[in-house]
Each structure stands twice: as C-alpha cells, then as structure tokens.
Amino acid sequence: MKYVLVTGGVVSGLGKGVTASSIGLILKACGLRVTAIKIDPYLNTDAGTMSPFEHGEVYVLDDGGEVDLDLGNYERFLDIKLTRDNNITTGKIYQSVIEKERRGDYLGKTVQVVPHVTDEIQQWIERVALIPVDGQEGPADVCVIELGGTIGDIESMPFIEALGQLSCRVGSGNFCLIHVSLVPVLNVVGEQKTKPTQHSVRGLRGLGLKPVILACRSTTALDENVKLKLSQFCHVPGENIITLYDVPNIWHIPLLLRDQKAHKAILKVLNLSSIQWKEPELEQWTVRTELADKFDEPVRVAMVGKYTGLSDSYLSVLKALFHASVTLHRKLVVDWVPASDLEDATRNENLEGHITAWNLLKSADAVLVPGGFGDRGVEGKILAAKYARENKVPYLGICLGMQTAVIEYARSVLGIQDANSTEFDPNTRNPFVIFMPEGSKTHMGGTMRLGSRRTFFHVKDCKSMKLYGNANFVDERHRHRYEVNPDMVARLENAGLVFTGKDETGQRMEIVELPDHPFFVGVQFHPEFNSRPAKPSPPFLGLIAAAIGHLEDLLHPWPVKSRTRLVGCFIPRKKPHLSGCLNKHPNGSWSGKYSEHMNGSPNGISGEQVNGSITGLYSNGNGIHH
Ligand code: GLN
C-alpha cells in the first residue's frame with residue numbers, strides 16, 4: 001500500500017478536501033486504484049451530532065456512517081463508496097484505546113498517547129486502507145489520507161506523530177506528503193508572499209514530517225521566482241511546487257494538477273514511475289469542466305431550508321442540483337429561502353424578509369425542501385409545499401421535505417387542520433408523521449434509521465420509477481427518526497396522494513407523488529448522497545427537467561415511432577442535449593451515464609451562502625471565506 005498524506009497550512013478553508021480528492025482523481029486517471037481516509041481531529045465520535053450550521057452537512061454513507069462532508073468529495077470525485085471507518089476522529093481512536101484498556105489488553109502498562117494512541121491510529125489507517133471501495137476485489141494501490149485542520153492545531157498532534165511514525169515504518173518510497181498552503185497576494189503591490197508557507201513548512205518539519213510536494217493556493221499562478229524561493233526555503237524541488245490558483249469551477253483542479261505534472265511528481269516519490277502507468281485519462285472530465293463554465297440559461301431553484309446561512313449545510317443537495325442542471329445544460333441559480341420567513345408570524349416581525357422570501361419562492365422554476373430536524377421553519381416548509389402543489393410548480397421534498405408535504409396534504413386536502421408530526425407536536429391528535437418504533441429517544445448519536453436501504457416501486461409507470469430507469473427497486477441512503485404514519489396512508493391515498501415507493505415490508509413510505517401535478521415528489525431517503533458528476537441523481541434530474549419543461553423527454557426516452565425500444569436509454573425528442581443512458585443493473589438497481597454532458601459541483605470550501613448562481617468557485621486563494 002502506498003500512502004499520500006495531504007496536510008494543510010496557514011489557514012483553514014483552503015479547499016484541502018477538494019485538492020486531496022483531485023489528487024486521488026488524477027492517480028485514478030493514471031490507472032491506479034485509489035481509496036481515501038479523512039482524519040478529523042475533533043473529539044466527537046462522528047459528525048452525527050454536529051450542527052450543520054457550524055460544521056456543514058452531515059454526510060451519510062452506505063453503511064450508515066455519519067461522517068464529515070469531505071468524504072462526499074471523495075465519493076463524488078472518485079466514484080467510490082467509503083465506510084464509516086474511512087473517517088477517523090479523536091473520539092473514535094480514544095474510544096477504541098479506552099475499550100482496550102478496560103479489557104486489559106495493555107497488560108498493566110501505563111496507557112499513553114505515545115505509543116498507545118499513536119499505534120491505534122496507525123493500525124486503524126493500515127486496516128482501513130485495505131478495504132476495497134471501488135467495487136473491485138482486493139485493496140487499492142494508493143490511499144489518500146487527508147489530515148483535517150491546520151498544522152499547529154493542538155488536536156492534531158497525536159495524528160502528526162502517528163503519521164510521522166507511519167512514514168518512517170513504510171519507508172520513503174511508500175509515503176508522499178503533500179502540503180497545501182497559501183501564498184497570499186498583497187493587493188497594494190500585487191506581490192505573492194512566500195513567508196506564511198515557509199513558516200508552515202518549518203512547523204511541519206519541526207513535528208517530524210517533511211513535505212515533498214507543495215500545493216500552493218493563490219489567486220493567480222505562482223511566478224517562477226516565487227517558486228524558486230519556496231523551493232530553496234522549503235527544501236522541495238521546483239517541479240514539485242504546484243500552484244492551485246483560483247478557477248471558476250472545482251472541476252478544474254484535477255486538470256491544474258495534471259497540467260503541472262503533479263501525477264509524475266507523486267508517482268516518482270512513490271516509486272511508481274517505473275511501473276506501467278499511463279498519462280491521466282481525463283478527456284471526459286475536461287469536456288464536462290469546460291461545458292460547465294459555458295451555460296448561461298438559468299434554472300432557478302428555491303431552497304426552502306432552516307440553515308440557509310451556510311451553504312455547506314446543504315452541500316450534497318447543492319452538488320446534486322448542480323450535476324442535474326449541468327446534465328440538462330442549465331446554469332443553476334439557487335435562491336435561499338429561510339423557511340421561517342415564509343410564515344405569517346414573520347410578517348409582523350420582519351415584513352421585508354417575509355416579502356423577499358415569498359418573492360423568491362414565486363420567481364423560482366422549482367422548489368426544493370431539503371432534510372432537517374426540529375420545528376423551526378416547519379410551518380414555512382409546509383407553506384412552500386402548499387404553494388408548489390397548488391401552483392403546479394415542480395417540487396422535490398427530501399426526508400423532512402417529504403414529511404411536510406404529507407402534513408400539508410392532510411391539512412389542505414383532507415381538511416385536518418391540526419395534522420402534524422409528533423416531532424413537532426408530540427400530543428397531536430392527528431399524527432401523520434410518527435416516531436419510528438425502533439428509534440431511541442434517549443441517545444442522539446447513531447440511533448436513527450441510517451444508511452442504504454431498499455425502496456421497492458409499488459406503482460408501475462409512476463414518475464420516480466421511470467426516472468430510476470424502470471428499476472424494480474433502488475438503494476438510497478437514509479437518515480431519519482420519523483416516518484409517515486402507516487395508519488394514515490389509506491386516507492391520504494383516497495384523497496389523491498400516491499405512495500409509489502415503500503420499503504421491503506410495504507409499511508414504510510419511501511416515495512410519495514402527486515400524479516396530476518407536473519412534478520411533485522417527496523422522498524424519505526437522501527438521494528443527494530448518491531449523486532455523482534457522471535451519474536446525476538434521478539429525483540434531482542426529474543426536478544430540473546420539470547423546471548425547464550423537459551420532463552417528458554426524460555420519462556419517455558424513445559422516439560414514439562421507433563420500433564426498437566431502447567431500454568433505459570433516453571433520446572431527446574426535442575432538445576439534442578438531452579442525450580444519455582440509464583443503466584439498469586441485473587439486481588434491478590439503477591445507475592446512469594450521461595456521456596460528455598454532465599458536470600460538476602460547487603466548491604468544497606466553507607462559505608456563507610449568497611443567492612445566485614452556483615458556479616463551484618474555488619477562489620479563496622487569499623484565505624478569505626466567501
Ligand atoms: N426530522 C425528520 C426525521 O427525523 C427528518 C430527518 C431528515 O430530514 N433528515 O425523520
């Protein structure tokens with residue numbers, strides 16, 4: 001196993017995760033099999049109990065792991081499926097060490113950070129690196145390890161020490177340390193300053209780690225004399241200094257790395273230059289990246305959420321919207337609508353905010369209500385679902401967004417004014433959404449219905465089934481405690497709502513649709529976690545297609561007069577750009593490939609949201625959070 005360690009210096013928020021994923025991607029494009037580990041030095045066992053407002057979204061894996069959102073970058077860029085153990089935290093390491101101590105595994109020794117914690121970290125890395133994540137047998141060739149935080153953080157010290165020991169043990173030809181740093185440009189003179197990077201590299205070396213490649217974030221490409229200076233002061237060969245300047249779309253990053261021959265430098269360090277490897281195969285990627293920058297016809301999506309102050313709170317949803325929009329050749333414009341601003345109560349407290357929220361909602365081509373917890377903004381989400389339903393605006397409700405759509409239907413169509421979820425009103429007389437029997441009310445961490453679960457389509461010819469390529473069932477990821485009350489389903493269905501997807505018992509509602517609406521779909525699962533640049537998520541694709549008036553092309557993918565029915569492929573009837581192919585696997589699940597037409601995702605950099613287009617900027621080369 002070869003290891004590529006990616007550390008970060010100077011400031012946080014440099015896009016280290018995107019850079020590390022891009023490194024993985026170019027190595028994969030060279031023909032190597034790649035896996036990834038993200039180290040988060042915080043004390044939480046996992047990201048499950050962390051507020052999306054503070055830390056960005058909680059990313060959910062197939063195995064139910066609730067992990068750092070950077071794992072989403074790896075899954076999307078490398079098209080792999082990681083496990084919960086691919087995210088290491090201080091909490092997990094200490095938990096394991098303490099368990100061993102209680103079992104008596106340390107045979108009476110004093111348990112210490114060195115060697116017990118550092119050994120635990122190394123064993124964890126070496127064990128997890130061997131888990132195949134790309135659907136093939138046997139371990140990958142290279143494991144990219146991203147160390148979260150910035151060099152010098154107190155929390156990361158045991159990890160730095162452990163990684164130093166690991167590099168020593170596996171030997172220099174098996175370990176490549178890439179340090180992502182910042183070269184700020186002083187605006188007055190426009191000069192690229194190397195001092196912060198020098199200091200950061202010095203700090204790293206002082207801790208026993210020697211970087212062999214520097215990836216320097218800056219607003220523009222580094223001048224040759226700046227590279228020379230860095231090379232001299234940081235003891236890194238000039239050809240190993242890569243500059244990652246600001247680009248309009250994060251999909252350019254692997255291309256920047258390739259153009260500067262970063263793959264050659266890495267392969268040389270890892271003693272792989274002699275083996276048979278090819279130039280990175282990135283043709284499709286390049287086409288997509290260039291296409292992504294070109295589209296200017298907008299599709300406006302109103303995101304009605306609770307955490308609209310930080311776009312990272314809904315990162316995977318944004319990326320899934322972006323994949324779908326670019327596949328359909330549109331520029332994604334997201335209008336953030338704070339759900340509570342839509343509520344009547346806000347009219348008195350904040351009239352301007354209330355008017356703005358409603359104007360944004362009304363000018364959108366589609367409405368998306370993402371997942372969420374707690375009752376803040378729930379009434380606003382219900383109003384958004386009502387607006388979309390009554391005005392025939394395409395609607396996608398995810399998890400809580402599905403539950404609120406069901407509550408809205410019960411209230412407006414069944415006339416049950418106090419219909420509610422027991423999450424928001426535990427004593428409601430009309431519980432249309434209830435706590436799932438298997439849940440825990442006392443422990444919050446890891447006790448939800450989590451991870452990949454199967455949904456069976458129950459209604460042939462419904463929109464969602466067609467979107468999933470007429471599959472019989474689909475596996476999507478879940479994260480919820482509440483569900484639609486099965487006792488209320490018959491009443492809802494008699495009134496016109498159709499539950500088109502259910503779990504294997506037929507008792508748990510997974511997909512809801514309104515057949516006489518252009519596109520009104522609610523899903524209990526989170527399809528955003530399975531969206532990939534080259535495989536946009538079907539519900540998102542449906543939403544965007546409906547928003548731009550092309551849903552029919554997607555749902556009826558063969559020419560009416562054609563004799564040969566192209567199972568699972570869709571061919572445009574009107575617009576030539578709607579070409580692509582949905583693949584139905586023998587097991588009945590779905591995957592898709594949309595030739596050169598798909599596209600990427602917004603940035604992996606933390607930032608406040610601003611209404612407007614999602615271009616996927618990679619542009620805080622001055623260390624500024626946008
Ligand atoms: N709060 C709801 C539940 O627990 C929805 C969760 C979500 O949207 N992820 O069921």
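These values consider heavy atoms only, across backbone and side chains, with no hydrogens, waters or symmetry-generated copies. Just so you know, ligand 1 is whichever comes first in the structure, and atom 1 is the first atom listed for that ligand.
Salt-bridge check for Asp70 with Lys38: passed, with a basic side-chain N closer than 4.0 Å to an acidic carboxylate O. Taking 4.0 Å as the cut-off between side-chain N and carboxylate O, Glu75 and Arg532 count as a salt-bridged pair. Taking 4.0 Å as the cut-off between side-chain N and carboxylate O, Lys535 and Asp79 count as a salt-bridged pair. A salt bridge between Arg429 and Asp418 is present, with a side-chain N of the basic residue lying under 4.0 Å from a carboxylate O of the acidic one. Between Arg411 and Glu379 there is a salt bridge, with a side-chain nitrogen of the basic residue lying less than 4.0 Å from a carboxylate oxygen of the acidic one.
The residue among Met436, Met402, Glu423 with a heavy atom at the shortest distance from atom 2 (C) of ligand 1 is Glu423. Considering only non-hydrogen atoms, atom 7 (C) of ligand 1 lies nearest to Cys399 out of Gly374, Cys399, Pro370. When the heavy atoms of His526, Arg479, Arg481 are ranked by distance to atom 3 (C) of ligand 1, first place goes to Arg481.
In terms of N/O distances under 3.5 Å, ligand 1 is not approached by Gly371.
Within 6.0 Å of CZ in Arg127 there are more than 12 heavy atoms belonging to other residues, nucleotides or ligands.
Heavy atoms of Gln403 approach ligand 1 to within less than 4.0 angstrom.
With hydrogens left out, the protein atom closest to atom 8 (O) of ligand 1 is Gly372 N, 2.8 Å, a heavy atom. Nearest to atom 10 (O) of ligand 1 among the protein's heavy atoms is Tyr482 N, 2.8 Å.
Residue-level proximity to ligand 1 for Glu483 is absent, since no heavy atom of it falls below 4.0 angstrom.
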